[in-house]
Structure formats: structure tokens, C-alpha cells
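Values below: all heavy atoms of this structure, side chains included; hydrogens, waters and symmetry mates excluded. Counting from 1, the numbers follow the sequence of the chain as shown.
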Amino acid sequence: MKNLKKLNRKELQTLQGAGPSNCAGCPQHTTYGNGPGDAPCEAYQMLPMRCKMCVIVDMSCMDGGVS
């Protein structure tokens with residue numbers, strides 16, 4: 001196995017997706033999907049991109065669906 005270099009905190013923050021999340025104003029404690037009690041997939045598709053990274057979503061709601 002290849003030895004990996006440990007990254008310091010500053011280097012970790014430069015990785016895409018590693019910075020502080022901006023979920024203020026996004027729905028919380030909501031699951032999107034086709035199950036009972038889930039918000040519909042259409043509601044997930046209407047969320048801003050920044051909020052899509054802050055919620056739990058079923059694979060069936062993702063673009064392209066499940067094959």
C-alpha cells in the first residue's frame with residue numbers, strides 16, 4: 001500500500017467540499033424520496049444547489065435515477 005501524506009488543517013480546507021457548509025436557510029431534518037413520510041423528489045429538485053448538499057436524499061431522486 002502506498003504511503004499517504006498527512007494533510008494539515010489548511011490543506012484540508014482547500015479540498016472541494018471540505019470547507020464550512022452553508023446550510024443556513026435550508027430545510028433540516030427532511031428526507032427526500034418516494035417513501036412514506038418523505039418529501040417528494042420534485043421538492044428536492046427545486047432546492048438551490050447549496051441546499052442539495054445539506055439534506056438526505058434517496059437515490060431515486062438523483063438525476064438519471066437508478067438503473
Side-chain angles (χ1 to χ4, degrees):
M1 181 174 213
K2 186 177 183 179
N3 288 335
L4 300 176
K5 175 186 165 192
K6 283 189 174 182
L7 299 175
N8 64 33
R9 187 169 300 277
K10 190 165 281 225
E11 291 170 325
L12 285 172
Q13 288 178 346
T14 62
L15 295 175
Q16 184 173 354
S21 64
N22 187 11
C23 296
C26 297
Q28 296 182 358
H29 310 294
T30 304
T31 303
Y32 295 88
N34 296 320
D38 290 350
C41 292
E42 292 81 18
Y44 171 75
Q45 298 300 335
M46 299 299 278
L47 289 174
M49 187 58 71
R50 67 177 181 83
C51 288
K52 287 183 179 181
M53 294 183 275
C54 300
V55 297
I56 299 170
V57 62
D58 188 83
M59 283 299 297
S60 62
C61 294
M62 301 305 291
D63 291 332
V66 178
S67 55

Set of side-chain contact (heavy atoms from CB on, under 4.5 Å) partners for Pro48, sequence neighbours left out: Arg50, Cys51
Looking only at heavy atoms, which two atoms of Gln45 and Lys52 are closest? And how far apart? O-NZ, 3.6 Å
Return all side-chain donor-acceptor pairs below 3.5 angstrom for residues 23-39, not counting sequence neighbours, or 'none' if the list is empty.
residue, atom, partner, partner atom, Å
Thr30, OG1, Gln28, O, 3.3
Asn34, ND2, Ser60, OG, 3.1
Asp38, OD2, Gly35, N, 3.2

Met62 vs Met59, test: side chain to side chain contact (heavy atoms under 4.5 Å, CB included). Steps then yes/no. CA-CA 5 Å; Met62 301 305 291; Met59 283 299 297; 4.2 Å; yes
